[in-house]
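Take a look at the structure set out below.
Because the structure is predicted, anything quoted here is derived from the model rather than measured.
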Amino acid sequence: MSVHTRSAAILCALALLPTAAPAQAAPPTPAVRFGDCPDSVPRPTAPDRVECGRISVPLDRHHPEGPRLTIAVSRVPASGTPAERRGILLVNPGGPGGSGLAYAVTKRAKLPESVRRSYDVIGFDPRGVGRSSPVDCGAMGGLFDSPGADPVPVGPTAERAHLASLRDMADDCATGAGDVLPYLSTEQTAYDMDAIRAALGEPRTSFLGVSYGSYLGAAYAALFPRRVGRMVLDSVVGPWNWYDFDVLQSRELLRQRDTFFEWTAAHAERFGLGSGADDVRRAYLRVRRGLGSVPVDGFGASEFDRAVYRALGRTERWAGLADGMRTYLNDGTTDGLRPGAAFDSPDSRNYEAANRIVKCADGPAPTPDSILADLRRTRRIDAQPVLTGMEASTCAYWQYRPARRTPLGSPDAPPVLLVASAHDPVTPIEGARELGKVLPGSRLITLADDYSHGVFASRGNACVDGTVAAYLVGGEVPAADVRCTGPGLPDPGGDGR
């Protein structure tokens, strides 16, 4: 199928930052025509308002005369006076594959008031996602089977089956996405960000990117360093190949799970899973073995691992995970472990497809042999790891191989703020330290004694939020890295029984 046909189908001591985002008396007249938003975008509290529009961008920025994609954009205008306005603040929630259209509303509601008064907050669905020419990979090698195959293969037969499922996933994406596979990349999305800036008539892009959004922001800085206004990269993905990042994350999750076991045991009267970490671990393994042997209404070992993966990233979900485990052990039900939305929903299918396509378009792929070697190595660390996030493994069989890695960072970009939780297992803090090396002049804000993913305007920490707001609004760059005191481990809450 041609590119055109297929793409149509998918369609402290402070220094002032120099003039990166000058005050503007009034917003420029945009080239994009805004109107009502789809029902999926929540309405902000009056008098704030949200409006949505679309822009057209080339499928391939290097061939602008070729096929085009539609990018959906949302905007919540700054609430302050014209004199307070600092321009636009693009936001991205992460992924890759995360929809950002509604994020302009939901994230903005949590931002400090000074930031809301200063910036038009701009959300967008990245190419291939949501309302921006969404991609579909069909069955994805059985990813949406219920119950799914055990994601932790043990022994030669299971390992061969695991590799076969990765090959099938790659084939399904080649069938579903076809000739657009090379163009649903982070680099091409960074070009789209600059197209949004130009369509809005703005001289610079200020940006808040969380998780994968940090990687996207670093890619924008590599392409357009002199168009960067003020940039905040929160819960930072390091400048590594995606597969190497996935392996690092899988091992950090083991550390976080051990912390969860210890925390649960410390509140034995609350959770009833044992008074020692080893007791809780044994309870955990009983749950997983039981669900692996006899799934409950389609909820088996794979579904349990997804629930654990999600819970380990945010400490406010730990009590729910422990309660769900206890309930299953007591009466065999899994309601407390199931997600609120179905894994095979249209939005989830789109997310999972876009996630793999972007990762495989961004850089080198692993080999099948390296995948098995890393699986065995991880299982030697812990015989029952959580491998849900090993998404780039399918790139071993991808039908498109990028010529180079995605460029990240630039010495010509203005100072950037990097924000990290000290014990985030999803984007380990090493990523922020490494990314800082390709963004000279950047500062790292660490939330110490914290174990969650997502920090700024998320954890409710006055030190973090105040430092970032002073940077975004006033251009105040800390003279050195900043360390803020975190909340520690969570309170277990009520008895839950």
Next on the checklist: Applying side chain to side chain donor-acceptor pair (under 3.5 Å) to Asp369 and Thr367, what does each step give before you reach the verdict?
Outcome noted: CA-CA 5 Å; Asp369 285 346; Thr367 65; 5.5 Å; no
Next on the checklist: Test salt bridge (charged side-chain N to carboxylate O under 4.0 Å, His left out) on Asp258 and Arg255; report intermediate values, then the result.
Outcome noted: CA-CA 5 Å; Asp258 285 345; Arg255 174 195 55 76; over 6 Å; no
Item to check | Chi angles and distances behind the disulfide (SG to SG under 2.5 Å) call for Cys395, Cys360 | outcome: CA-CA 5 Å; Cys395 303; Cys360 295; 2.0 Å; yes
Checklist entry - Does the side-chain contact (heavy atoms from CB on, under 4.5 Å) test come out yes or no for Cys137 and Ile357, once each step is laid out? => result CA-CA 9 Å; Cys137 283; Ile357 292 174; 3.8 Å; yes
Checklist entry - Hey, mind stepping through Val135 and Asn350 against side-chain contact (heavy atoms from CB on, under 4.5 Å) and telling me if it holds? => result CA-CA 6 Å; Val135 71; Asn350 176 227; 3.9 Å; yes
Item to check | Steps toward side-chain contact (heavy atoms from CB on, under 4.5 Å) verdict (Leu101, Arg131) | outcome: CA-CA 8 Å; Leu101 205 62; Arg131 293 179 177 268; 4.0 Å; yes
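We find that Glu430 and Arg433 are not joined by a salt bridge, their nearest charged nitrogen and carboxylate oxygen being 4.0 Å or further apart. Note on Glu476 versus Arg230: no salt bridge recorded, every NZ/NE/NH1/NH2 to OD/OE distance being 4.0 Å or above. A salt bridge links Glu159 with Arg376: the distance from a Lys NZ or Arg NE/NH1/NH2 to an Asp or Glu carboxylate oxygen falls below 4.0 Å. Taking 4.0 Å as the cut-off between side-chain N and carboxylate O, Asp278 and Arg281 do not count as a salt-bridged pair. The existence of a salt bridge linking Arg282 and Asp279 is confirmed by a sub-4.0 Å separation between a basic side-chain nitrogen and an acidic carboxylate oxygen. Using a cut-off of 4.0 Å between Lys/Arg side-chain N and Asp/Glu carboxylate O, Asp374 and Arg377 are scored as salt-bridged.
Counting only heavy atoms from C-beta outward, the side chains of Asn92 and Met193 never approach each other to under 4.5 Å. In this structure the side chain of Val121 never reaches within 4.5 angstrom of the side chain of Tyr103, judged on heavy atoms. Residues Leu375 and Leu387 have side chains in contact (heavy-atom distance under 4.5 Å, counting atoms from C-beta outward). For the pair Val237/Trp242, a side-chain contact is recorded, criterion being any heavy-atom separation below 4.5 Å from C-beta on. Side-chain contact between Val296 and Leu291 is present, with at least one heavy-atom pair separated by less than 4.5 Å. Side-chain contact between Lys107 and Ser458 is present, with at least one heavy-atom pair separated by less than 4.5 Å. A heavy-atom distance below 4.5 Å is not found between the side chains of Tyr215 and Pro96. Put simply, the side chain of Tyr328 does not reach to within 4.5 Å of the side chain of Phe304, judged on heavy atoms.
A distance of 10.5 Å separates CG of Leu417 from CG of Leu208, quoted to the nearest 0.5 Å. Once rounded to the nearest 0.5 Å, the distance linking CG of Leu372 with NE2 of His162 reads 7.5 Å. One finds the CG atom of Leu312 at 7.0 Å from the CZ atom of Phe260 (value rounded to the nearest 0.5 Å). Summarising the geometry, atom CG belonging to Leu439 is positioned 11.0 Å from atom CG belonging to Asp412; distances are rounded to the nearest 0.5 Å. Note: Leu166 CG to Asp171 CG = 11.0 Å, rounded to the nearest 0.5 Å. Note that CD of Glu303 is 8.0 Å distant from CZ of Arg338, once rounded to the nearest 0.5 Å.
Judged by distance alone, the side chains of Ser99 and Asp125 do bring a donor and an acceptor atom under 3.5 Å apart. Between the side chains of Ser133 and Arg127, no donor-acceptor pair of N or O atoms lies under 3.5 Å. No hydrogens or angles considered: nothing links the side chains of Ser211 and Ser235 as a donor-acceptor pair under 3.5 Å.
The number of heavy-atom neighbours closer than 6.0 Å to CZ of Arg167, taken from other residues, nucleotides and ligands shown, is 12 or below. Sparse packing is recorded around CZ of Arg310, with 12 or fewer heavy atoms of other residues, nucleotides or ligands lying under 6.0 Å away. The local environment of CZ in Arg483 is sparse, with at most 12 non-hydrogen atoms from other residues, nucleotides or ligands closer than 6.0 Å.
Looking at Thr189, its side chain does come within 3.5 Å of a backbone N or O of Ser185 through a donor-acceptor pair. Side chain of Ser250 to backbone of Val247: a donor-acceptor contact under 3.5 angstrom is found. Side-chain N or O atoms of Thr315 include none that pairs as donor or acceptor with a backbone N or O of Ser452 at under 3.5 Å. The backbone N or O of Phe456 lies less than 3.5 Å from a partner atom in the side chain of Asp234, making a donor-acceptor pair. When atom types are taken as modelled, the side chain of Ser146 and the backbone of Gly298 share a donor-acceptor pair closer than 3.5 angstrom. A donor-acceptor distance shorter than 3.5 angstrom exists from the side chain of Arg314 to the backbone of His453, with no hydrogens or angles considered. Between the Ser132 side chain and the Ala72 main chain, a donor and an acceptor come within less than 3.5 Å of each other. With hydrogens and angles ignored, the 3.5 Å screen pairs no side-chain donor or acceptor of Thr406 with any backbone N or O of Glu187. A donor-acceptor pair is defined here as one N or O able to donate and one able to accept, closer than 3.5 Å; such a pair exists between the side chain of Trp263 and the backbone of Pro490. A donor-acceptor distance shorter than 3.5 angstrom exists from the side chain of Gln188 to the backbone of Arg61, with no hydrogens or angles considered.
Contact between Leu254 and Val386 at its shortest, heavy atoms only, is CD2-N, 4.4 Å. For Gly274 against Ala268, the heavy-atom pair with the smallest separation is O-CB, 3.4 Å. The heavy-atom pair separating Thr186 from Tyr212 by the smallest distance is OG1-OH, 2.7 Å. Between Phe245 and Pro428, the closest heavy-atom pair is CE1-CD, 4.4 Å. Considering every non-hydrogen atom in both Tyr471 and Met231, the closest pair reads OH-N, 2.9 Å. The shortest heavy-atom contact between Arg349 and Gly138 is NH1-O, 3.2 Å.
In this structure, Phe224 and Tyr220 have tilted ring planes: the angle between them lies in the 30° to 60° band.
Take Asp172 and apply the side chain to side chain donor-acceptor pair (under 3.5 Å) test, not counting sequence neighbours, and it matches no residue. Residues satisfying the salt bridge (charged side-chain N to carboxylate O under 4.0 Å, His left out) criterion with Arg288, sequence neighbours excluded, are Asp150, Asp305. Partners of Ser348 by side chain to side chain donor-acceptor pair (under 3.5 Å), not counting sequence neighbours: none found.
For Phe299 and Phe343, the gap between ring centers reaches or exceeds 6.0 Å. For Phe271 and Trp318, the distance between ring centers is not under 6.0 angstrom.
Tested against Lys359, the residues Asp246, Thr394, Asn241 include a single side-chain hydrogen bond (donor to acceptor under 3.5 Å, both in side chains) partner, Asp246.
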